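I have placed the structure first, in the form of structure tokens, so that the comments after it can refer back to it.
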Protein chains: 2
Amino acid sequence: MTIKDIAKLSGYGIGTVSRVINKQPGVSEKAREKILKIIEESNFEPNGNARKLKRCGGNTVTIIMKGRHNSFFMEILDRITLLLSELEEVVSCQIIDEDGDEVAEALKFVRDKTSKAIIFLGANLALFDERMNELDIPCVVATTSAKELAFDNVSSVCVDDETATMELVQYLTGYGHKDIVVMGGEISDKQISFSRYLGCKKGFEKSGLEFDPDKNYMACRYSYEAGYETTKRLLEKNIHVTAIVGLSDTIAVGAIRAIEDAGKKVPDDISVVGFDGTVISRFYTPRITSMGQDINSIAKRSVELLMKHIHYTLGCEHDYAPHNLIEGESVRRV
Amino acid sequence: MTIKDIAKLSGYGIGTVSRVINKQPGVSEKAREKILKIIEESNFEPNGNARKLKRCGGNTVTIIMKGRHNSFFMEILDRITLLLSELEEVVSCQIIDEDGDEVAEALKFVRDKTSKAIIFLGANLALFDERMNELDIPCVVATTSAKELAFDNVSSVCVDDETATMELVQYLTGYGHKDIVVMGGEISDKQISFSRYLGCKKGFEKSGLEFDPDKNYMACRYSYEAGYETTKRLLEKNIHVTAIVGLSDTIAVGAIRAIEDAGKKVPDDISVVGFDGTVISRFYTPRITSMGQDINSIAKRSVELLMKHIHYTLGCEHDYAPHNLIEGESVRRV
DNA sequence: CTGAAAGCGCTTACAG
DNA sequence: CTGAAAGCGCTTACAG
């Protein structure tokens with residue numbers, strides 16, 4: 001069943017049928033009704049590939065999500081997908097490895113002419129290199145700031161990671177903690193982890209504590225397993241620690257599990273805080289105090305910015321979404 | 001940059017270029033080399049939409065995942081994606097609501113001619129109705145058995161939910177539990193929850209306990225929140241319960257949280273077991289005893305069956321993947 | 001308001 | 001082994 005069949009069946013030409021399908025003006029009410037009826041009856045759906053070929057590209061909004069075990073991203077993905085489908089956008093999702101190359105992935109979709117816009121859920125800015133010249137469709141990076149990139153088609157939305165992390169550390173020092181170890185991503189100035197690292201440093205310093213990277217910071221992937229292993233290594237060193245900052249809730253969960261396995265209690269022996277404010281932080285035992293990222297804002301603004309790009313081709317914008325500390329039961333005063 | 005440009009640049013015709021691109025025989029080594037070199041230099045990528053139009057359909061394997069907060073599905077998705085990309089398949093993922101209509105979603109991809117095959121991650125068989133006539137591409141349903149459907153293009157892989165659930169209940173009764181409440185999905189004979197429900201029943205009966213649906217089974221969505229609320233309601237009833245079976249790890253987590261919030265302890269006051277064997281069950285405090293589904297097997301067999309369909313168009317198969325109990329710290333003897 | 005025709009960028013018989 | 005041509009199913013000026 002093609003547009004040609006519908007034309008024949010309706011007695012009109014394929015041009016008129018096409019106009020009806022695409023809700024274009026310049027068709028008599030009579031023709032529209034008749035054609036619509038026939039389309040309805042025959043269950044006709046235009047061939048997407050032909051349309052995309054003719055239109056020189058698809059109209060799918062592609063979401064590239066980095067990391068498969070990231071419930072924080074999943075929660076954002078959930079919101080974004082919902083918002084986009086309310087706008088009747090066709091959305092497709094690609095999930096790549098935490099260490100994957102999101103730009104290479106995005107390029108595929110551009111070359112393949114299927115996507116009209118891309119949302120990156122997580123990003124390593126180091127990968128946003130000269131290949132971006134080819135990536136000439138609207139993009140939004142969610143949860144990482146793309147401000148310094150200064151590409152005119154790449155907007156971004158994220159929380160102020162530096163400030164949020166600083167506040168998280170200060171929260172602990174406010175409870176009297178001095179021996180704090182922070183566990184977060186590899187420190188590269190092109191990654192989100194770097195802002196958080198700077199935030200840690202500031203948090204320590206503002207609280208009058210010295211920040212020694214070797215002592216106070218441990219690189220750790222954002223997973224339960226990594227949080228567990230890193231904490232285990234820390235505990236084996238047998239140094240005095242009263243609080244651990246996991247720069248994701250997954251790390252915090254792994255940390256708590258490792259502490260318990262070492263025969264200690266959270267928060268009685270060691271306090272633990274997380275980052276992201278994902279659902280598990282509210283359902284873990286003990287509830288985990290976590291720096292919550294405003295998932296709704298991130299999703300909403302990401303979609304808004306993308307739509308702006310798509311419809312008005314304005315310059316790009318870089319927004320902050322709110323963060324706020326969610327208190328749980330995993331911190332005690334020392 | 002099109003195939004025409006490559007033809008001009010290389011001095012050959014577009015037919016020859018096309019043959020080179022598609023690795024078809026009947027091209028001289030000389031021509032192949034020259035054309036390949038030019039394609040390389042110009043960074044040319046054939047227009048996917050034109051190819052798909054010509055070939056009467058895309059070659060994407062589409063995965064339709066039901067439910068956005070399902071880390072069990074995410075873990076399977078992870079494996080399947082990996083396996084498919086090792087086979088150099090193009091894969092795309094659609095995430096729909098837990099209560100969404102996966103068949104309607106699949107139909108979109110068929111009508112749109114983008115997918116060559118579909119993997120359903122989770123399914124409500126009630127939706128697999130006469131619309132399936134139109135869904136005439138290879139399909140695999142993962143985690144739900146599609147055996148009774150008897151469509152010749154729909155294979156399936158899942159654990160033996162009935163037996164697994166029975167064993168889970170028996171595990172508890174083996175530890176002396178008699179007052180057991182099971183929390184699982186709505187009981188409809190077209191859903192996975194039904195097999196598990198039957199398994200419960202069997203487990204009770206085989207242990208010499210009466211199974212009263214009103215007393216021993218509570219319908220509950222597969223989420224932390226639902227597990228929490230359902231358990232809260234249960235505890236408020238103030239009936240004697242020594243063990244709760246959550247038919248997903250998320251339900252079990254919610255249950256534990258609710259029990260703790262009621263001032264009781266797991267497993268001291270109430271034992272809790274989960275289902276799925278997801279990562280969180282191993283990192284929760286206490287570690288949750290859970291009926292593990294063999295994620296690797298499910299993923300591997302799903303991909304194998306799909307490939308069989310795609311390449312040999314054999315009849316469909318319905319496979320069981322292994323299940324095995326993972327003991328944690330959430331059960332005590334009574 | 002409507003239709004005939006060109007053309008999007010490929011693939012694939014067909015003829016050489 | 002190679003090229004010219006038809007055609008996949010649409011959209012969109014263009015002419016009427």
Side-chain angles (χ1 to χ4, degrees), chain A residues 1-39 42-60 90 108-116 134 137, chain B residues 1-39 42-60 90 108-116 134 137:
Chain A
M1 180 70 62
T2 74
I3 206 176
K4 232 170 162 175
D5 300 311
I6 303 295
K8 202 165 291 171
L9 250 38
S10 68
Y12 287 91
I14 58 166
T16 305
V17 173
S18 176
R19 274 171 222 122
V20 169
I21 290 171
N22 294 297
K23 301 189 177 107
Q24 279 170 8
V27 181
S28 68
E29 203 41 49
K30 194 179 138 214
R32 186 176 305 278
E33 267 174 30
K34 176 144 198 186
I35 291 169
L36 241 24
K37 187 158 159 266
I38 290 178
I39 289 176
S42 56
N43 226 317
F44 168 72
E45 195 83 14
N47 183 309
N49 298 135
R51 305 180 93 167
K52 284 178 224 161
L53 173 58
K54 211 36 232 192
R55 290 173 175 166
C56 295
N59 64 332
T60 301
V90 180
K108 275 193 213 164
F109 290 97
V110 171
R111 291 205 184 124
D112 201 44
K113 307 266 187 212
T114 54
S115 306
K116 72 170 174 188
E134 226 190 306
I137 57 175
Chain B
M1 181 69 63
T2 75
I3 205 176
K4 232 170 162 176
D5 299 312
I6 304 294
K8 202 165 289 170
L9 251 38
S10 67
Y12 286 93
I14 58 167
T16 306
V17 174
S18 175
R19 275 171 221 122
V20 170
I21 291 171
N22 295 298
K23 300 188 175 107
Q24 279 170 9
V27 181
S28 68
E29 203 43 51
K30 193 179 142 218
R32 187 177 304 279
E33 266 173 29
K34 174 143 199 188
I35 290 170
L36 241 23
K37 186 159 160 267
I38 291 180
I39 288 176
S42 56
N43 224 314
F44 168 72
E45 194 83 16
N47 182 312
N49 298 135
R51 305 181 93 167
K52 283 177 227 161
L53 173 57
K54 214 31 235 189
R55 290 170 173 170
C56 295
N59 64 333
T60 302
V90 180
K108 275 193 215 163
F109 290 97
V110 172
R111 293 206 182 123
D112 202 44
K113 308 263 186 214
T114 53
S115 306
K116 73 169 173 188
E134 227 190 305
I137 57 176

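To find a chain, count down the sequence lines: A is the first, B the second, and so on, and within it residues start at 1. Just so you know, these numbers come straight off a predicted model, no measurement behind them.
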Does anything in residues 27-36 of chain A form a side chain to side chain donor-acceptor pair (under 3.5 Å)? List the pairs, not counting sequence neighbours. none

So, using side-chain hydrogen bond (donor to acceptor under 3.5 Å, both in side chains) as the criterion, who are the partners of A:Lys54 when residues are at least two apart? none

Quick one: does B:Ile137's side chain get under 4.5 Å of B:Val110's, heavy atoms only? yes

To the nearest 0.5 Å, what is the distance between CG (A:Asn49) and SG (B:Cys56)? 9.5 Å

Please identify each residue that fulfils salt bridge (charged side-chain N to carboxylate O under 4.0 Å, His left out) with A:Lys8, with sequence neighbours left out. none

Applying side-chain hydrogen bond (donor to acceptor under 3.5 Å, both in side chains), name anything that partners A:Ser115, two or more places apart in sequence or on another chain. A:Thr62

Residues from residues 25-39 of chain A lying under 4.0 Å of DNA chain D - heavy atoms: none

With a 4.5 Å heavy-atom cut-off, do A:Ile6 and A:Met1 have their side chains touching? yes

Heavy atoms under 4.0 Å, any strand shown: does B:Asn22 hit a base, just sugar-phosphate, or nothing? sugar-phosphate

With sequence neighbours excluded, tell me which residues meet salt bridge (charged side-chain N to carboxylate O under 4.0 Å, His left out) with B:Lys113. none

Span of DNA chain D engaged by chain B, first through last nucleotide within the 4.0 Å heavy-atom cut-off, is D:dC1 to D:dG9

Salt bridge (charged side-chain N to carboxylate O under 4.0 Å, His left out) against B:Arg111, all qualifying residues, sequence neighbours excluded: A:Glu45, B:Glu134

When rounded to the nearest 0.5 angstrom, what is the spacing between CD1 in B:Ile21 and CG in B:Leu36? 9.5 Å

Side chain to side chain donor-acceptor pair (under 3.5 Å): which pairs involve residues 13-23 of chain A, sequence neighbours left out? A:Ser18-A:Asn22, A:Asn22-A:Arg51, A:Asn22-A:Arg55

Could B:Asp112 and B:Lys52 be called an ion pair, given the rule that one side-chain N must be under 4.0 Å from one carboxylate O? no

Near DNA chain C, under 4.0 Å by heavy atom, which residues of residues 9-19 of chain B? B:Ile14, B:Gly15, B:Ser18, B:Arg19

Intra- and interstrand pairs of DNA chain D - dot-bracket, Watson-Crick/G-U under 3.5 Å, | marks other strand: |||.||||||||.|||

Atom CD1 in B:Ile38, atom CG in B:Leu9: separation rounded to 0.5 Å? 5.0 Å

Are the side chains of A:Asp5 and A:Ser42 in touch, meaning some heavy atoms are under 4.5 Å apart? no

Rounded to the nearest 0.5 angstrom, the CZ-CD1 distance for A:Phe44 and A:Ile3 is 5.5 Å

Positions of residues 109-116 of chain B (non-hydrogen atom under 4.0 Å from DNA chain C), listed by number: none

